[in-house]
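Working notes, structure below.
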Amino acid sequence: MVVAVRDSWRVQDRWWTDEPVDRSYFDVVLEPGRPALIYRETSGEWFMHG
Amino acid sequence: MASPPYVELHAHSAFSFLDGASLPAEMAGRAAELGHRALALTDHDNLSGALEFAHAAAAAGVRPITGAEMTVTTAPHPGARHVTVGHGHVTLLAMDARGYANLCRLITISHAHTRDSRDRRAGDPLLPMEALALHHEGLACLSGCARHGVVAAPLAAGRRRDAEQALRDLVAIFGPHRTWVEVQRPGLRGDRTLARGLEALAAHVGVPAVATGDVHAHSPRRAFLQDALVAIRHGLTLDASDEVRRGNRQSVLRTPSEMAERLHDHPDAVAQTLRLAEQLEFDLTRDLGYRFPDFAAGHPGEDADSALARICGHEARGRYPEGPQRDDALARLHEELGLIRYHGLSGFFLLHRDILEIAREVALEVRPEGSARRALPPGRGRGSSVGSIVCYLTGLSHIDPVASGLFLGRFLNRDIRSVPDIDLDFPRDVRARLIEEVVRRYGSEHAALVAAFPTFRARMAIREIGAALALPPADIERLARLSDGWSSAEAVEDEIRRMPGGEDRLTSRRWRALAMLAKEAAGLPRHLSQHSGGMIVSATPLVELVPVVPAAFAGRQICQWDKDSCADAGFVKIDLLGLGMLSAVEDCLDLIARGHGRAPDLSRIGFDDPDVYAEIQDADTVGVFQIESRAQMQSLLQTRPENLDDLTVQVALIRPGPVSGGAVHPYVRHRRARRRDPAFRPPYDHPLLEPALEETLGVVVFQEQVLEVSMALAGFSAGEAEDLRRAMSRKRSRDAMLRMWQRFLQGARERGVPDDVTRTVFTKLIGFSNFGFPKAHSAAFAVLAYQSAWLRRHHPAEFLAALINAQPMGFYPPASLVRDAGRRGVRTLRTCIRTSDVPCTVEDGAVRLGLGMVRGLGADAAARVVAERQSGGHFEGLADLMSRTGIRPEQVAMMARAGTLDPFGVPEREILWQAATIARPRRVGGGAGEQLPLPIDPADAPLLPAPDRIDRVIAEYEATGVSTGWHLMTLVRPALPTGTLTSDALRTARHGATVTVAGMVVARQRPATAGGIVFLLLEDETGPVNVIVQPGLYESHRAVVRADPLLVVTGRLERRDRVVNVIARDIQPARLPAREPVPLEQPADARIRQVVPAAQNFARGRR
């Protein structure tokens, strides 16, 4: 469970390559107080970064 | 409707040059669509797009705010107070007229040292903080963008004390009521923390924070281009430019609500945008206070009106003695002076007269003592001003408008809304000094050249964007060469498709990106450049009206507005243009005087020499001003001009305007009919048009006729008609044109003109809008055309020498000029170490090429050789030459190839060997002394094979661009297909026959008005051959047509009237005869490709 969003940003890059990137990143704190970096693809899918 | 919650106060257009991806008009239009009530344009260190933006925004209902994002530096200056900020950005916004003037001054100061390097390459503008302290009044100061702002950058780097000190320094200058801390949320990692930190810092120092968007594009699509432009600006690929790009596409114009939502953490900063915008009252469309220089009275109590009347009256009495024209002239003068008084323009005419006086002084300084040129006027008028009798009487025009029946309305009428243009042509040397002198006389704060903004076109877009996309350099170069260099960048996708494997390439993202980005970039300004000769002079300091920056050319400075913005600002633009043909004519007169003791007086030669017209009618006009091009020649054969009036029409006829307005063929037809039957009356679209179009046989040839037609058919006033003409000639004028059409239609209906006729006539006028000459301009050029034809006919050697000396100019490269003169009996001699001067001269009736033509020798070395020969006598040999002049072995090599050293009697290859073995004088002892120039005999050369004829011809082209001996085609002919005809033989070939011809390509043209047809002008040893290449053949043989220097063409001969063309069916490169390869030398085919003279090659002609 996300308890806090510390920062958010958008990466839209590499659009000229076969692997374009378009992600919304969130620097969050999860319930036990654990920091995490997650992102959402334009498809709506969520991923944990790293 | 509720007021928008946010005003955008920080936005860049493409005038931030490679850091902005939209035109000002696009920004303004999009802002209106998104519901903005006001928008600030804040380009980097310039106001180049400010006026264009202000007008576009006002028209779209958006209040324009004027500003700039400046780069400030604290680099130490003598006596400067120490300040603690480093390089960084601040955003300055004009609150009032004082603030705008200060902004212009600050930008001017920031550019003052941008051309200080030896090569005068443009450096980055930097504004010293102490300048900001001197010129801050009336300006609002924002602390700059999140990445590079003077406050944000140190704060983001963890240097809070530096950030605070930077802010306090700004507050010390602007005070707490004119300083704001900029808060942005560009969607980058860490921007939330940074924005909070900036807001806290603002509160701590006691100044408000204000939200801004740092916009760089008007739409998300252009954000892709913005990425590419930033990579180009830094000379990086997109892959390698992560550090300098934003990394997302968030810096685009959004709705005010979206921006308020994005910055919802900072409600006060958002609200502050509205409060600050209210304080920014300056409106550039309204508040610019320009005045042209005041008239300085020559007589006590005399004002400008009476001074101009006095000068013109005095001149009129001299130029129009009693006679039939006197009454007409005085009536016209009375009318013009009345109009000039009405518009308050007497001072404007007197200003131009003053500049002409300066030009007279400059001309005497530039033209050497004893030169035939000293008696000539310093320059000549061109453009619509030539129709003015006031210009004629004040020396600003050399054409009598009464005798020539020139129309005044295009230049001056009661309804004019902007200051008319007076254009003056000068020989290049006079013009170069005059520009410097005008700045010196009026002061560097009061005079500057007008700017031009080259835009992205196909070839530039392919090379720059292709490199940013890291596409293979060889493919990019091939694509660039195959593309039409001047065509729009929008066509790049088509160009890629045409490449071998083009469709496959377009399946790749990078190639598709190239096509997409080039299309988006089309028409965007690439950088600031210099207009061809427009100057602005101002009574109030120009540097408070528009920023002024140093030009690449030493001694010149440019204002940051182009001619359209200068016109919109009401600036008086004085066009001081350099005209190569004027330089050539003056040089020709000098050469004649040198050879014959005196030069002809061109003002007394008359305009009726039948020999001159005979040559013009036969299209024997290579080198003649304005009527020498391939298209002009074909037209001359049909129109057959018989007098100066015919030439005036001819000069204007072969222009894009009359061509696309459908005027050329009807004119030719009607002229032929008139030749057969002098009573022939041409048809008119409507009887109302007869008075306006009678002299051009029923078609629109001159710009004035657009005015006259719209006045006659639609009842336009002179002012409305001029508005129509201007709307036609300006960029992005579609809306204005539509409004004009409604007015035109209504007016024509009131005159009983059927709608279909009105539509036909209006369509022709629109077609004309591409580009046409005013009659007055054409009349001025026709005089020069005739004079050049006269000199060519009567003094062909001097004329050829002068034409070569004035290069680059005209339609033909020097090699073709030499060849043409040769066919007319003028010999051209190779450069000679014993007799050549620096420029070409005339020697016993032949043209002696000058040492200035030897490539790689350089003007200084050429002058040194001539001076040394004059002072120390002839050179004994190579060692003597090298020791006395210090020229380098590679310079000797080019002289040897050019034949310059033939008098030494040493074979060329032996000379090359010797040059490499002779020690040159060189600096010794740390530069304090020089090795004694002792002529040391060179080592013996090994036995080297002598070059053959083809080698010698190629070597001559390599060395001078000209072959004085064999024509290359004579040497190629043995290897041509059997039955290949020469240009001479083509004259007797029958219409419709299949022929094969071959030649060196002199011109390749694909005019926009010709529907994809390519016109080739080939030249063989007997003359020119015209080839027409249909679009299908062009597409299938594109590489050959575009690039091969020698062509073999098979096709159908077409003969119409006296015009002969070959309609190509097949085109192949011509091959040289088989020969022994020379070791260590490039194959001759490759050398030819490199050295065949630069032709008109799908590019603009040279003038």
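Below, read A as the first sequence line, B as the second, and so on, with proteins coming before strands; counting in each chain starts at 1. Bear in mind the structure is a predicted one, so any value in this text is a computation, not a measurement.
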- Message: Report which part of B/L517 has an atom under 4.5 Å of a heavy atom belonging to chain A: side chain, backbone, both, or neither.
- Response: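 Side chain only.
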- Got a salt bridge between B/R245 and A/D13, using NZ or NE/NH1/NH2 to carboxylate O under 4.0 Å?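 Looking at B/R245 and A/D13, the cut-off is met.
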Please examine the side chains of [Y] and [X], heavy atoms only from C-beta on, and report whether any two atoms are closer than 4.5 Å.
X	Y	answer
A/D7	B/R189	yes
B/R509	A/W15	no
A/Q12	B/Q250	yes

- Query: Given the options B/D191, B/T193, B/L238, which has more heavy-atom pairs under 4.5 Å with chain A than any of the others?
  - Reply: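 Winner by heavy-atom pair count: B/L238.
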- Please check if atom CZ in B/R160 has more than 12 non-hydrogen atoms from other residues, nucleotides or ligands closer than 6.0 Å.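 Atom CZ in B/R160 is crowded, with more than 12 foreign heavy atoms closer than 6.0 Å.
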- Taking atom CD of B/E243 as the centre, report whether more than 12 heavy atoms of other residues, nucleotides or ligands fall under 6.0 Å from it.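 For B/E243, atom CD is not crowded (no more than 12 foreign heavy atoms under 6.0 Å).
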- Item | Qualifying residue, where the test is side-chain hydrogen bond (donor to acceptor under 3.5 Å, both in side chains) with A/W16 and the options are B/D227, B/D239, B/T237 |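 That would be B/D239; it is the only one of B/D227, B/D239, B/T237 passing the side-chain hydrogen bond (donor to acceptor under 3.5 Å, both in side chains) with A/W16.
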- Query: Which bit of A/R6 is near chain B, if near means a heavy-atom gap under 4.5 Å: side chain, backbone, both or neither?
  - Reply: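 Just its backbone gets close to chain B.
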- Message: Given 3.5 Å as the limit, does a donor-acceptor pair link the side chain of B/N248 with the main chain of A/V11, or not?
- Response: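 Flag not set: sc B/N248 to bb A/V11 has no pair under 3.5 Å.
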- Task: Mind ranking A/V21, A/D18, A/D22 by heavy-atom pairs under 4.5 Å with chain B and telling me who comes out on top?
- Result: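 Greatest number of close heavy-atom pairs with chain B: A/D18.
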